[in-house]
Amino acid sequence: MTATTGEHPAGQPRTGLEKTLGDVWTRVLGTPVGMDDNFFDLGGDSLLAAELVASVESDLRVRLPRRGAAEFATVRRMAHWIATRTPEDAAERTLVRFAPPGGEHPALFCVHGMGGHVLVLGQLARRLEHRVRTYGFESVGRNDADRADRTVPAMATRYIRHMRRVQPHGPYLLGGYSMGGAVALEMAAALTAEGEQVAHVLLLDCDLRPPDIPAIRARAVEFVSRALGLDPPVTAPYEELDAAAAEICHRAGGERSGLTPRQVSRFAAVYLKNARAMTGYEPPPYAGDMTLVHTREGTHGGGGTGPEDYGWGPYAAGGRFRAVQVPGDHWTLFTTHVSELAAVCETVLTPATRPTDRSMEQGARDDHS
């Protein structure tokens, strides 16, 4: 499609493709959408993201990355990607960009939780965009559980490789949500051992204690339904996953959402594989700056406060570790209480950030080798 002629007010479509996409976004979100309106500012969540991607693919006959609503957070950015995409772009990638390429703000690289997805970071990234450009690492097993990395060091090695395509050298800002904190710690230790500088490691409700695999398996269905925004969640034994996956899809909007029972089942399988990657993991000591932001109700509502309860104390060498408590629980941290979380993150990141060279932005591509 070609661009129309004439002047276009801010937020108005400049091409036929933008106009078509804007109509799809408006239909899915149920509100008028400007070309530069942010998906998360318009009330976007996990379920609406899945529905939006499915609707765009159906109406335009184009395949988008599964996390397209997060990475292409405005109509204009989504239209640009569709108009300029290459076959390599259409392949699944590990690194998800929550901000436009370039810019003078430093990058924050944040690792997924056990579920392997990073859409949960969308609202936080939006609130921090005046301070950092947020990137999220997704598990490679999100679309194929058999390809999931089996150990935390394997994840760290993969993510460092992909991160260096965006930022070849430090200082690095690293983060992690839930189990992603362990991966971020492993990355920080490896980079420091190579002589690179890590400015800060931000741990978002991360529990470093050994996982209880039977308990996690028993809660896998509940976890998946909560991660997809269902409240109350679907609860069922893992042995009844197929039936539970069908119920989750039905409650998520059925065919309209673009979510299939097979995708839900893979989501649960990745959750378990990532949990097992924590089994027997021995974190390295790390003397750099780390901040744990933990919720008042504890990880997964399990209770307990403070760094010792989360298992971080023995590995935080040099006294450069601190813990900050915020309201809520593991699930409401990025929704109901995202403003409080963003305020803490900004306080932590302010002294660790400085303008970066635009040339450091080199794109983020995943060769999955």
Quiz item: Taking Y177 as the fixed residue, which of H117, H330, H112 is the one that meets the ring pair (Phe, Tyr, Trp, His ring centres under 6.0 Å) rule?
Solution: H330

Self-check item: CA sep, side-chain torsions, deciding dist, call: L191, M163, side chain to side chain contact (heavy atoms under 4.5 Å, CB included)
Solution: CA-CA 11 Å; L191 289 165; M163 179 175 66; 3.8 Å; yes

With rounding to the nearest 0.5 angstrom, report the [atom1] to [atom2] distance, [X] to [Y].
X: Q325; Y: E297; atom1: CD; atom2: CD; value: 10.0 Å
X: T335; Y: Q123; atom1: OG1; atom2: CD; value: 7.0 Å
X: M278; Y: I216; atom1: CE; atom2: CD1; value: 9.0 Å
X: Q197; Y: T192; atom1: CD; atom2: OG1; value: 9.0 Å
X: L21; Y: R77; atom1: CG; atom2: CZ; value: 13.5 Å
X: L124; Y: L128; atom1: CG; atom2: CG; value: 4.5 Å

Exercise. Mark yes when over 12 heavy atoms from residues, nucleotides or ligands other than R27 sit less than 6.0 Å from its CZ; otherwise mark no.
Key: yes

Exercise. Answer yes if I213 and M155 sit in the same cluster of Ile, Leu, Val, Met, Phe, Trp and Tyr residues linked by side chain heavy atoms under 4.5 Å apart, and no otherwise.
Key: no

Are any of the side-chain heavy atoms of [X] and [Y] separated by less than 4.5 Å?
X: H162; Y: R165; value: yes
X: W331; Y: T336; value: no
X: Y281; Y: T151; value: no
X: T295; Y: H337; value: no
X: L29; Y: F39; value: yes
X: P283; Y: W312; value: no
X: L173; Y: V132; value: yes
X: D242; Y: P261; value: no

Restricting to non-hydrogen atoms, name the atom on [X] and the atom on [Y] that form the minimum distance, rounded to 0.1 Å.
X: Y172; Y: P168; result: OH-O, 2.9 Å
X: A184; Y: L174; result: O-CD1, 3.8 Å
X: G22; Y: V75; result: N-CG1, 3.9 Å
X: L208; Y: A182; result: CD1-CB, 3.8 Å
X: L204; Y: C345; result: CD2-SG, 4.1 Å
X: P284; Y: L185; result: O-CD2, 4.0 Å

Self-check item: Pair R127-E346, side chain to side chain contact (heavy atoms under 4.5 Å, CB included): steps then yes or no
Solution: CA-CA 9 Å; R127 283 164 170 79; E346 181 164 3; over 6 Å; no

Plane angle bin for [Y] and [X] - parallel if under 30°, tilted between 30 and 60°, otherwise perpendicular:
X: F109; Y: Y135; value: parallel
X: F137; Y: Y159; value: parallel
X: F223; Y: F267; value: perpendicular

Between the main-chain N or O of [Y] and the side-chain N or O of [X], is there a donor-acceptor pair closer than 3.5 Å?
X: S225; Y: E222; answer: yes
X: R219; Y: T235; answer: no
X: E196; Y: G170; answer: yes
X: R133; Y: H105; answer: yes

Quiz item: So does K19 pair up with D23, basic N to acidic O under 4.0 Å?
Solution: yes

Quiz prompt | Basic-acidic side-chain contact under 4.0 Å: E239, R217 | solution = yes

Quiz prompt | Trace of the side chain to side chain contact (heavy atoms under 4.5 Å, CB included) decision for V111 with M187 | solution = CA-CA 10 Å; V111 182; M187 293 171 67; 4.0 Å; yes

